[in-house]
Amino acid sequence: MSNEKLNAEISEAIVNLDKEKALELANRAITDGLNLLDVVEHGLGAGIRRVGDLWDEGEIFLPELMLGGNIMQAAMELLLPHLKEHSETFNRGTIVIATIEGDIHSIGKTIVGTMLSANGYDVHDLGADVPAEKIVNEAIKVHANIIGVSALLTTTMTGQKKVVEILKERNLRSQFKVILGGAPVSRKWVEECGADGYADSAVDAVKLVKEL
Ligand code: B12
């Protein structure tokens, strides 16, 4: 099966909340040797965003949104180890990544972390709902070069700015590059926060980190 066809089918399986089909297609993508990052971003990613839109439009309710998220995660658990398999062995740099406090959206952050790890970076993924102070402390502890902060809610985006503010307060700003991401994040917001970069996909996140 081609990447394009599989992406369309797996996206539809997510929208239909058909877990069995989604997992069957994820396994098919592996055995057919397809571009798995493309499947994650343009197949699963497109499907879950459509689920989000349907929820926004009142077409489905919260339990369905949650089920969609669970199916996406289950499919990702199958695919991500195969992305990691091709990882480069040398260390290009150390990155601490997390979703900010108050925000439990972890899918995009996990994809970005996995892609960076597959590209030779030492990634410390702190998970979701992580306080800004903890992110900074962890970055100091592991001698990170880059701090990546994800936010999916307009109400939690301010936590991204807090990370930069804490670094300034502690005179640590020049020691770390800070990159931001998540659906509501824009280049303008990154400037407003005084952060160093922004990416809206895992591929661009890897490019951005290489540049920095
Ligand atoms: C799945 C989902 C959930 C799942 C999350 C499961 C999980 N473990 O992550 C569940 C069901 C739990 C959930 C809960 C909620 N959700 Co929700 N959710 C979504 C949905 C549909 C998809 C998000 C997603 O996974 N996208 C797929 C990934 C691949 O894309 P991504 O996250 O954007 O990540 C990419 C880029 O942004 C970038 N990136 C991401 N992070 C980073 C970090 C760095 C450093 C960089 C460089 C790049 C980067 O690269 C990623 C890879 O491509 C979105 C809709 C949407 N359009 O985003 C709503 C959405 C984000 N949710 C929303 C809401 C409101 C909620 C709830 C408050 C609902 C409720 N009433 O309880 C709760 C939040 C609870 C909380 N405190 O956090 C709203 C937010 C509205 C707003 N503007 O604030 C959205 C936009 C839905 C909508 N259309 O209204 N949600």
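Ligands are counted one by one from 1 in listed order, and the atoms in each one are counted from 1 as well. Throughout, residue positions are numbered sequentially from 1 according to the sequence presented. What you see is a predicted model, and the numbers here were worked out from it, not measured in a lab.
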Atom 67 (C) of ligand 1 touched by protein (heavy atom, under 4.0 Å)
no

- Is the closest N or O pair between G102 and ligand 1 shorter than 3.5 Å? yes

Any heavy atom of D204 under 4.0 Å from ligand 1? The part involved is neither

Are L37 and I111 side-chain neighbours, meaning at least one heavy-atom pair lies under 4.5 Å?
yes

If you scan protein heavy atoms around atom 41 (N) of ligand 1, the nearest is S150 OG, 2.8 Å

Is_contact(atom 3 (C) of ligand 1), protein non-hydrogen, under 4.0 Å: yes

Check: Does the pair D56 and R49 meet the rule for a salt bridge (charged side-chain N to carboxylate O under 4.0 Å, His left out), with working shown?
Finding: CA-CA 10 Å; D56 207 22; R49 286 191 192 99; over 6 Å; no

Heavy-atom check, side chain of K188 versus side chain of Y198, under 4.5 Å:
no

Short version for L44: what comes under 4.0 Å of ligand 1, heavy atoms counted, is neither

ask   = Among the heavy atoms of S201, does any lie under 4.0 Å from an atom of ligand 1?
value = yes

Applying side chain to side chain donor-acceptor pair (under 3.5 Å) to T114 and not counting sequence neighbours gives none

At under 4.0 Å between heavy atoms, what of T156 touches ligand 1? The answer is neither

Counting from 1 in the order shown, the ligand 1 atoms closer than 4.0 Å to a non-hydrogen atom of E41 are 52 (C), 53 (O)

Subject >> Heavy-atom protein neighbour under 4.0 angstrom from atom 82 (C) of ligand 1 >> reply: yes

Here the atoms of ligand 1 under 4.0 Å from any heavy atom belonging to I111 are 29 (C)

inquiry  = Under the criterion side chain to side chain contact (heavy atoms under 4.5 Å, CB included), I'd like the reasoning laid out for I140 against R170: C-alpha separation, chi angles, the key distance, then a yes or no.
reply    = CA-CA 11 Å; I140 298 168; R170 297 208 206 160; 3.6 Å; yes

*asked:* Is it the case that atom CE in M66 sees more than 12 heavy atoms from other parts of the structure closer than 6.0 Å?
replied: no

> Any link between V185 and V209 through a network of hydrophobic side chains (Ile, Leu, Val, Met, Phe, Trp, Tyr) touching at under 4.5 Å?
Replying inline: no

Ligand 1 atoms nearer than 4.0 angstrom to some heavy atom of Q73 are 8 (N)

closest protein heavy atom to atom 72 (O) of ligand 1 is L62 CD2, 3.8 Å

Of V136, V190, V178, I147, the one forming a side chain to side chain contact (heavy atoms under 4.5 Å, CB included) with V164 is V178

Q. What about D53: any of its N or O atoms under 3.5 Å from an N or O on ligand 1?
A. no

Here the gap from D38 atom CG to N7 atom CG, rounded to the nearest 0.5 Å, amounts to 5.0 Å

Next item on the list: For the residue pair S150 and V112, establish whether any side-chain heavy-atom pair is separated by less than 4.5 Å.
Entry: no

Within the 4.0 Å heavy-atom cut-off, what V112 brings close to ligand 1 is side chain

Checking heavy-atom distances from atom 76 (C) of ligand 1 to each of I104, L54, T110, the winner is I104

min-distance protein heavy atom vs atom 22 (C) of ligand 1 -> I48 CG1, 3.9 Å

With heavy atoms and a 4.0 Å threshold, my read on which part of L152 contacts ligand 1 is both

Closest non-hydrogen atoms of S11 and G43, given as atom of the first, atom of the second and distance, are CB-O, 3.3 Å

Here the atoms of ligand 1 under 4.0 Å from any heavy atom belonging to D103 are 78 (O)

Review point. Do I100 and M157 come within less than 4.5 Å of each other through their side chains, counting heavy atoms only?
Key: no

Here the atoms of ligand 1 under 4.0 Å from any heavy atom belonging to M66 are 11 (C)

**Prompt:** Under 4.0 angstrom from ligand 1, any heavy atom of T155?
**Reply:** no

Check your understanding: Does atom 74 (C) of ligand 1 have a protein heavy-atom neighbour under 4.0 Å away?
Key -> yes

Under 4.0 Å from one or more heavy atoms of G148, ligand 1 contributes atoms 45 (C)

The N/O/S atom of H105 lying closest to atom 17 (Co) of ligand 1 is NE2

* Asked: Considering residues, nucleotides and ligands other than E57, do more than 12 of their heavy atoms fall under 6.0 Å from its CD?
  -> yes

To atom 46 (C) of ligand 1, the nearest of A183, A202, G197, G181 on a heavy-atom basis is G181

Taking only non-hydrogen atoms of I179 and a 4.0 Å limit, the atoms of ligand 1 in range are 45 (C), 47 (C)

State, with a plain yes or no, whether a side-chain heavy atom of K177 is found less than 4.5 Å away from one of N145. no

Fill in: Exceeds 12 heavy-atom contacts within 6.0 angstrom, atom CD of E64
yes

>> Protein heavy atoms near atom 61 (C) of ligand 1, is at least one of them under 4.0 angstrom away?
In response: yes

In ligand 1, the atoms that come under 4.0 Å of a heavy atom of G182 are 37 (O), 39 (N), 40 (C), 41 (N), 42 (C), 49 (C)

Short N/O distance, under 3.5 Å, between T154 and ligand 1? yes

Ranked by distance from atom 34 (O) of ligand 1, the top protein heavy atom is G108 CA, 3.3 Å

message = Are the side chains of I104 and T99 in contact, using a 4.5 Å heavy-atom criterion?
response = no

Tightest non-hydrogen contact, residues L65 and W55, listed as CD2-CD2, 3.8 Å

The reported gap from CG in L116 to CD1 in I179 (rounded to nearest 0.5 angstrom) is 6.5 Å

Going by the 4.0 angstrom heavy-atom rule, the piece of Y198 near ligand 1 is neither

of all protein heavy atoms, closest to atom 55 (C) of ligand 1 is G52 CA, 4.1 Å

